[in-house]
*Asks:* 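Dropping a structure here in structure tokens format, bear with me for questions.
Just so it is clear, the model here is predicted, and its values are computed rather than measured. Numbered from 1 within each chain, the chains take letters A, B, ... in sequence-line order.
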Protein chains: 2
Amino acid sequence: MPTDAVEDYLKAIYRIESRAGPPVSTSQIAEALDKTPATVTSMVETLSDRGLLSREKYKGVELTPAGEVAALEVVRRHRLIEAFLAEQLDYEPTEVHDEADALEHHVSEEFTRRVERVLDYPAADPHGDPIPPADLSTPEDAGATLVAALAPGERGTVARISDRDPDVLEFLVDAGITPETTVEVVDVTSFGLVTVRTSDGDEHGLPEAVADRVYVRRAAESGAASDGQEASDA
Amino acid sequence: MPTDAVEDYLKAIYRIESRAGPPVSTSQIAEALDKTPATVTSMVETLSDRGLLSREKYKGVELTPAGEVAALEVVRRHRLIEAFLAEQLDYEPTEVHDEADALEHHVSEEFTRRVERVLDYPAADPHGDPIPPADLSTPEDAGATLVAALAPGERGTVARISDRDPDVLEFLVDAGITPETTVEVVDVTSFGLVTVRTSDGDEHGLPEAVADRVYVRRAAESGAASDGQEASDA
DNA sequence: CTATTAATTTAGACTGGTCAAAACCAGGTA
DNA sequence: TACCTGGTTTTGACCAGTCTAAATTAATAG
Ligand SMILES: [Mn+2]
Ligand SMILES: [Mn+2]
Ligand SMILES: [Mn+2]
Ligand SMILES: [Mn+2]
């Protein structure tokens, strides 16, 4: 029943909400979906009429429980499709997003279940983003950014890399920094450049804009350093 | 660039054309797509404006070469997706159609190629319908119906079963009559009931409406008995 | 408390797809 | 030839989604 557009709005609002919290403004949504503010105003009004979000004029919107469920269903389909493309059709992590963005609105529940089963209930998509299970319980463990989690000399495992900016993603994949790989922070400069050593011994200089998009878990022995939130594109 | 609706119209017109030949009437299209005649008139006008078909008012339409190419692309995607669902996700031939009907409009060329590759360039979908290769060269070998091809006592291989009527399809699949299986015509009654023996020795009585939807190749030794055309749903 | 301004909403318009109701054609019938 | 009648087109309407331009609001600066 919901259209592609409706699902894309819900997904976008969900993402913004979990990164920056409600209320989500018209312009934030417009920015995320590349639509004009006027268009967004009109759409959030219909979403509000359908009970998917609550809205306060000139303030912003917030998903209702129903809206959040609907959003999570889309996110689940999106990530499952991404995982599927990477696993079964040999897509690169960089190629997976656009295809999934179209397909996410058109696969049946049946399809979703079967994909999930064939992949043996994967926990994360190729970017490391957690895949909500069928009951939509959502851990959504974001992890902490490189600099937040790891002091120079410390080592950790990449949990997730943001898929938001294709160029950043490309950069990271080229550097061999992908989910599950091990990295050690060698150095952090005052202007934000982070030098890391990957498991194969190579060193890479990551500009701040890139380093901030890498989320890691510290290599055991010390508890979770938290904070450094950011919800991903999917 | 073409929308879902445009693609569905082209596919429908292509199918009708290859079953009954041009011109294809407004009501035929309306029937096939479950739209009102008024809607169809309006759509064929825009299709005509785009050069995808030629139209003579009150007479009907016929695909142009460009329209036929576009239609074949959709058919190709549809059948490839059906094959993929059956092969990789373990769908039954009866379950495959609706999913493919939605997805066919949203998979990229890249996806199509990869699926084709992973399936090792399959010749036919789960209903036996030929899959046009990337160059869209189209054999579209329809095969002959059971009674047309096989006299009682003769044996043949099922080439294709019509996917048009879900109930008929279900009946055939349940009886174990699917593409590549061997059947022998045991008997044909005056009122059209065809009794066949399948390879496992079981006999099945097929009402005329069912038998007419089974296409076979005679078991070697004699050339192709032809005729008995019918284009399928995909 | 007022004036400025940036964000937001409203107003009005357009496209694509659809339908119901009314008008219209074309081929066959009397 | 004049009339039916079934299929077809026309007309006018509507919904979803989008945009531009104009009006409005809220927050901030003076
Ligand atoms: Mn999408
Ligand atoms: Mn992702
Ligand atoms: Mn379709
Ligand atoms: Mn088929």
*Asks:* For B/Thr112, check side chain to side chain contact (heavy atoms under 4.5 Å, CB included) against everything at least two apart and list the hits.
*Replies:* B/Arg76, B/Arg77, B/Leu80, B/Val107
*Asks:* Applying side chain to side chain contact (heavy atoms under 4.5 Å, CB included), can you list everything that pairs with A/Thr64, at least two apart in sequence or on another chain?
*Replies:* A/Ala66
*Asks:* How would nucleotides 9-25 of chain C be written as a contact map, 5' to 3', with B for base contact, S for sugar-phosphate-only contact and - for no contact, using protein heavy atoms under 4.0 Å?
*Replies:* BB------SBBBB---S
*Asks:* At under 4.0 Å, does any side-chain N or O of B/Ser25 touch on OP1 or OP2 of D/dG7?
*Replies:* no
*Asks:* Among all residues two or more places apart in sequence or in another chain, which pass the salt bridge (charged side-chain N to carboxylate O under 4.0 Å, His left out) test with A/Glu73?
*Replies:* none
*Asks:* Please tabulate, one pair per line, all N/O donor-acceptor pairs under 3.5 Å involving side-chain atoms of residues 46-59 of chain B, not counting sequence neighbours.
*Replies:*
{"residue": "B/Thr46", "atom": "OG1", "partner": "B/Met43", "partner atom": "O", "Å": "3.1"}
{"residue": "B/Ser54", "atom": "OG", "partner": "B/Glu62", "partner atom": "O", "Å": "3.4"}

*Asks:* Using the test side chain to side chain donor-acceptor pair (under 3.5 Å), find all partners of B/Asp167 that sit at least two apart in sequence or belong to another chain.
*Replies:* none
